[in-house]
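One structure is given here, and the rest of the page talks about it.
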Amino acid sequence: MKNIIIYNAKIVTPLGRTSRRGKEMRQLQIIDNSEVEVRNGIIYYVGKTRNNYRDGFYDGYQYFDAKGKCLLPGFVDSHTHFVFGGERAEEFSRRLNGESYMSIMNRGGGIAGTVKATRALAFNSMRSGAATFLERMSRMGVTTVEGKSGYGLNKETELMQLKVMRSLNEDENKKVDVVSTFLGAHALPSEYKDRSKEYIDFLIKEMLPLIKKENLAENCDVFCEEGVFSIEESRRLLSAAQQLGFKLKIHADEIISLGGAELAGELHALSADHLLHTSDAGIRSMADNNVVATLLPLTAFALKEPYARGREMIDSGCAVALATDLNPGSCFSGSIPLTFDLACIYMKFTVEEAITALTLNGAAAIDRAESVGSIEKGKKGDFVLLYSSDYHVLPYYIGMNCVESVIKEGALYQVK
Ligand code: NIG
Ligand code: FE
């Protein structure tokens with residue numbers, strides 16, 4: 001945590017401490033020749049540049065001339081699976097040859113392959129692999145990330161994944177805050193073949209209370225999909241989690257239109273994620289119940305699936321977030337630049353909407369809109385400084401990084 005004054009910046013930010021919905025998503029505050037002051041990691045002043053500063057370290061502050069470039073809130077990647085072992089390049093090649101994601105999974109590959117590799121890891125190797133991903137994310141401007149368990153599917157390794165995330169989040173010099181989600185219901189482990197009811201019982205009776213007691217995750221998620229966990233199983237698990245005080249997230253309607261978005265509305269989940277095949281009723285349900293619709297266009301791209309109906313969701317009054325879904329299977333990418341591109345090119349987001357989706361609405365999707373996601377007094381001093389004074393470079397740099405520096409709670413890191 002540091003004290004910093006960034007002056008001569010062009011601030012570009014959504015405003016608020018809750019998600020922005022529908023038309024609000026394109027309303028950004030833009031202040032030329034602006035300054036932010038961060039004291040002890042927290043934003044203390046936002047406004048016009050107040051003085052003639054010079055660069056350097058003095059008066060207990062770092063002074064930094066932004067030279068008119070755009071200063072945005074740090075990006076919030078609100079859906080990732082960055083703690084795992086192994087890679088699945090061979091599976092990717094099989095998909096290139098025409099096999100589908102679900103057929104690979106149904107034949108014992110997919111998530112099960114990563115479970116095997118993840119169970120084989122010791123804590124330190126798991127942690128260092130995950131730390132490498134955080135470093136890569138930070139270079140693309142991410143200052144807060146959500147990470148899920150779900151590659152253990154047993155007590156020991158699920159807990160280890162969550163403990164890795166806790167340990168990364170407790171690092172004093174961390175560049176990225178980590179918010180943890182329990183995704184024990186990511187797939188049915190082979191030990192429970194044809195016994196999904198018993199597996200859900202195990203999650204409800206053993207895992208959720210233990211995770212709550214040790215405070216290892218804030219949210220509970222489920223892969224609600226045909227051939228994985230049904231609507232009824234998802235409802236049972238998520239309702240039990242809610243009773244214990246977990247906030248809810250759902251992998252919804254990724255492969256077929258099963259009704260996960262409607263379930264998210266019914267249970268007042270924080271977010272429903274993926275939504276490639278969500279029905280009109282699902283869109284209504286999310287808009288009416290203030291569920292953040294979290295879209296993961298990199299996954300649609302990598303699976304050659306149609307993109308989610310992001311434009312219609314925004315026009316229907318939903319709060320839409322964008323995230324990467326970084327994982328070793330369906331989407332081995334944490335690319336923020338490409339996420340901007342796909343959202344703007346294929347889902348017809350305006351650049352302003354995409355910025356809100358990757359900042360304030362991402363924060364809302366993990367219940368952090370009070371503390372991050374916009375440049376406002378009292379929030380964390382988490383920013384990205386672009387190379388340009390024009391924020392439209394975000395989708396224009398196709399798959400290329402336009403982040404020059406990342407500021408995490410007042411500590412500045414140059415990206416190079
Ligand atoms: O969000 N859909 C389920 N879970 C991940 C993929 C996990 C994997 O393939 O390892 C997803 O796409
Ligand atoms: Fe996912």
Side-chain angles (χ1 to χ4, degrees), residues 77-95 99-119 129-130 133 145-153 157-158 161 179-189 217 219-230 233-234 248-258 260-261 264 269-278 292-305 307-308 321-334 339 342 362 365-366:
D77 191 348
S78 62
H79 181 137
T80 82
H81 311 244
F82 75 100
V83 184
F84 59 85
E87 293 186 352
R88 285 159 37 204
E90 180 258 351
E91 177 186 315
F92 189 82
S93 301
R94 279 163 66 186
R95 290 213 307 272
E99 265 189 84
S100 74
Y101 177 80
M102 284 315 276
S103 76
I104 293 171
M105 183 165 173
N106 292 335
R107 289 158 69 177
I111 292 172
T114 300
V115 168
K116 199 163 170 233
T118 307
R119 286 181 182 178
F133 283 115
V145 71
E146 182 258 14
K148 303 174 194 293
S149 69
Y151 290 124
L153 310 183
T157 308
E158 285 292 313
Q161 285 189 277
V179 174
S180 299
T181 296
F182 175 56
L183 179 56
H186 197 189
L188 193 62
N219 313 303
C220 180
D221 194 348
V222 55
F223 188 8
C224 177
E225 190 63 56
E226 186 179 58
V228 193
F229 295 104
S230 67
E233 289 167 330
S234 303
L248 308 181
K249 303 176 84 67
I250 310 186
H251 280 69
D253 306 321
E254 179 179 357
I255 313 287
I256 70 157
S257 181
L258 201 65
L270 274 181
S271 71
D273 301 39
H274 283 292
L275 308 171
L276 302 186
H277 301 279
T278 293
V292 178
T294 300
L295 307 185
L296 314 165
L298 292 169
T299 312
F301 173 71
L303 293 179
K304 275 207 241 172
E305 290 284 331
Y307 292 91
L322 288 164
T324 65
D325 196 25
L326 168 65
N327 75 74
S330 63
C331 178
F332 199 19
S333 174
T339 300
L342 300 177
I366 49 173

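We count ligands from 1, going down the list as the structure has it; atoms in each ligand are counted the same way. All values below were derived from every heavy atom in this structure, side-chain atoms included, with hydrogens, water molecules and symmetry-related copies excluded.
- Not a single N, O or S atom of Asp273, from either the backbone or the side chain, sits less than 2.8 Å from the Fe ion (ligand 2).
- A donor-acceptor contact closer than 3.5 angstrom is absent between the side chains of His251 and His186.
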Exercise for the section: Determine, stepwise, if the pair Phe92 / Tyr101 fulfils ring pair (Phe, Tyr, Trp, His ring centres under 6.0 Å). Expected result: CA-CA 9 Å; Phe92 189 82; Tyr101 177 80; over 10 Å; no
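- For the 3.5 Å distance criterion, the side chains of Lys249 and Ser271 qualify, holding a donor opposite an acceptor.
- Of the candidates Asp253, Thr294, Ile250, Thr294 is the only one forming a side-chain contact (heavy atoms from CB on, under 4.5 Å) with Asp273.
- None of the N, O or S atoms belonging to His274 lies under 2.8 Å away from the Fe ion (ligand 2).
- With respect to Glu90 and Arg88, no salt bridge is recorded, no charged nitrogen being found less than 4.0 Å from a carboxylate O.
- The NE2 atom of His81 and the NE2 atom of His251 meet at the Fe ion (ligand 2) at an angle of about 100°, given to 10°.
- Between the Fe ion (ligand 2) and the N, O or S atoms of Asp325, the shortest distance is to OD1.
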Handout entry: Worked check of side-chain hydrogen bond (donor to acceptor under 3.5 Å, both in side chains) between Asp221 and Thr181
Key = CA-CA 7 Å; Asp221 194 348; Thr181 296; 5.9 Å; no
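- Side chain to side chain, Ser149 and Glu158 meet the donor-acceptor criterion of an N or O pair below 3.5 Å.
- With hydrogens and angles left out, the side-chain atoms of Asp77 and Thr324 include a donor and acceptor closer than 3.5 Å.
- Contact residues of ligand 1 (protein heavy atom closer than 4.0 angstrom to a ligand atom; sorted by chain and number): His79, His81, Arg88, Tyr101, Ile111, Tyr151, His186, Phe223, His251, Glu254, His274, Asp325, Asn327, Gly329, Ser330.
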